[in-house]
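What follows is a single structure, written as structure tokens, with notes after it.
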Amino acid sequence: MNDTPVIQTRALCKHYGRKIAIDQLDLTIGRGSIHAIVGANGAGKSTLFRILLGFLPASSGEAFILGRDCRALTPADRARIGFVNEDHTLPGWMTVDAITAMHRRLYPSWSQLAFDETIGHYHVLGTQKIAQLSRGERAGVNLALTLAQQPELLVFDEPTLGLDVVAKRAFLETLLYSNATRDCTVVYCSHQMEEIERVADNLIIMERGALRHMSPPDDFRARVCAWVADIPFRGPDPRLVPGLLEAQRIDGLHHYLVLDQGDDFADFLRACGARTVHAMPVSLDRAVNGFLAKHHAMPHAA
Ligand SMILES: Nc1ncnc2c1ncn2[C@@H]1O[C@H](COP(=O)(O)OP(=O)(O)OP(=O)(O)O)[C@@H](O)[C@H]1O
């Protein structure tokens with residue numbers, strides 16, 4: 001078994017003028033599984049993908065994809081990687097049949113079976129032009145073309161953005177199937193947490209171009225907890241609440257979303273005058289969004 005990481009960056013930086021998009025990023029993603037990268041808008045996810053795929057030079061540091069230096073990818077290296085972005089850019093004037101024939105010629109490892117299995121999820125006719133397809137159908141054709149290459153690594157930049165529930169489900173089913181049936185690693189970024197909860201084995205959180213967390217999604221969810229306390233007056237100064245991500249007062253009760261706090265958080269609340277305290281687990285969506293919102297809201301020196 002090849003244990004070269006599919007993605008590895010060392011002290012990777014990307015500046016756009018004075019703007020720092022990637023900031024000393026050290027990231028290692030192993031082979032296999034589905035890895036989801038999340039981050040607030042502007043966290044650097046698309047920039048990272050563009051560097052990894054060799055579309056954009058880094059300002060400094062190193063980046064490797066499938067063990068190859070991202071600055072010097074050959075056509076043979078690229079054939080091992082399938083990339084789908086949110087725009088599902090395919091030439092609008094070509095028919096589905098024509099573009100399929102072109103890809104079949106281009107990729108020596110083309111699998112007609114993988115193409116047929118994927119396209120079968122969508123109601124697409126071979127005679128239709130790409131421009132005539134709906135957004136979800138275009139996503140399906142793009143995915144079918146990419147999976148038929150039989151890549152070792154699939155990289156998706158917000159692949160289900162703008163798709164309806166049915167198209168999203170078809171896309172995810174295919175993704176899961178492809179990961180389960182072939183030895184294919186999937187790395188994708190998305191803002192759709194319920195989708196990540198369903199498909200991802202590994203959650204990677206980026207913030208302002210740096211890695212903030214990496215673990216199975218459930219492990220991150222377990223770091224965040226919601227507490228409700230009945231405190232008959234103002235409650236503690238938020239700056240003194242350990243691990244605070246979010247504080248709200250609803251119907252006279254104090255609600256706290258906190259990171260990395262154990263049972264002694266209850267003691268803290270009681271010491272602040274709480275008559276009753278309750279801890280509740282949170283969804284992945286709440287945990288990640290609370291985490292990102294907290295840091296997103298912080299003022300940042302340019
Ligand atoms: N061509 C560019 N010129 C200047 N700044 C840029 C350029 N491209 C990206 N940036 C900046 O780099 C940062 C990272 O952008 P990037 O598109 O990688 O973020 P993202 O995590 O993909 O965001 P989103 O979730 O909104 O798609 C942002 O602050 C963005 O404004």
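Counting convention: from 1, in listed order, for ligands and their atoms alike. Throughout, residue positions are numbered sequentially from 1 according to the sequence presented. Every value quoted in this text rests on a predicted model; they were computed, and no experiment measured them.
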> Considering only heavy atoms of Thr47, which atoms of ligand 1 have at least one such atom less than 4.0 Å away?
Replying inline: 14 (C), 15 (O), 16 (P), 18 (O)
>> Before you tell me yes or no, could you show the steps for Arg104 and Gln112 under side-chain hydrogen bond (donor to acceptor under 3.5 Å, both in side chains), namely the whole-Å CA-CA distance, both residues' side-chain angles and the distance that decides it to 0.1 Å?
In response: CA-CA 8 Å; Arg104 199 182 292 122; Gln112 192 61 39; 3.0 Å; yes
> Any side-chain donor paired with an acceptor under 3.5 Å for Tyr16 and Thr47?
Replying inline: yes
> Are Asp26 and Arg10 close enough for a salt bridge, meaning some N to O gap below 4.0 Å?
Replying inline: no
>> Only heavy atoms of His191, strictly under 4.0 Å: list the atoms of ligand 1 that pass.
In response: 25 (O)
>> List ligand 1 atoms under 4.0 Å from Ala43, heavy atoms only on the residue side.
In response: 19 (O), 20 (P), 21 (O)
>> Show me which atoms of ligand 1 lie under 4.0 Å from any heavy atom of Asn41.
In response: 23 (O), 24 (P), 25 (O), 26 (O)
>> For the 3.5 Å polar cut-off, considering only N or O atoms, please tell me whether Gly44 and ligand 1 meet it.
In response: yes
>> At under 4.0 Å between heavy atoms, is it the side chain or the backbone of Lys45 that contacts ligand 1, or both, or neither?
In response: both
> In terms of ring plane angle, is the pair Phe49 and Phe83 parallel, tilted or perpendicular, where the classes change at 30° and 60°?
Replying inline: perpendicular
> Would you say Lys14 touches ligand 1, if touching means a heavy atom closer than 4.0 Å?
Replying inline: no
> Under 4.0 Å between a Lys/Arg side-chain N and an Asp/Glu carboxylate O for Glu246 and Arg286?
Replying inline: yes
>> Using a plain distance cutoff, I'd like to know if Ala21 has any nitrogen or oxygen under 3.5 Å from a nitrogen or oxygen of ligand 1.
In response: no
>> Tell me whether the rings of Tyr107 and His103 are parallel (<30°), tilted (30 to 60°) or perpendicular (>60°).
In response: tilted
> Strictly by modelled atom types, are Thr276 and His278 linked by a side-chain donor-acceptor pair under 3.5 Å?
Replying inline: no
> Does Gly42 reach ligand 1 with a nitrogen or oxygen that is under 3.5 Å from one of the ligand's nitrogen or oxygen atoms?
Replying inline: yes
> Will you find, in the side chains of Asp77 and Thr74, an N or O donor that is under 3.5 Å from an N or O acceptor?
Replying inline: yes
> Quick check: does Arg50 get an N/O under 3.5 Å from an N/O on ligand 1?
Replying inline: no
> Side chain, backbone, both or neither: which part of Met206 comes within less than 4.0 Å of ligand 1 when only heavy atoms are counted?
Replying inline: neither
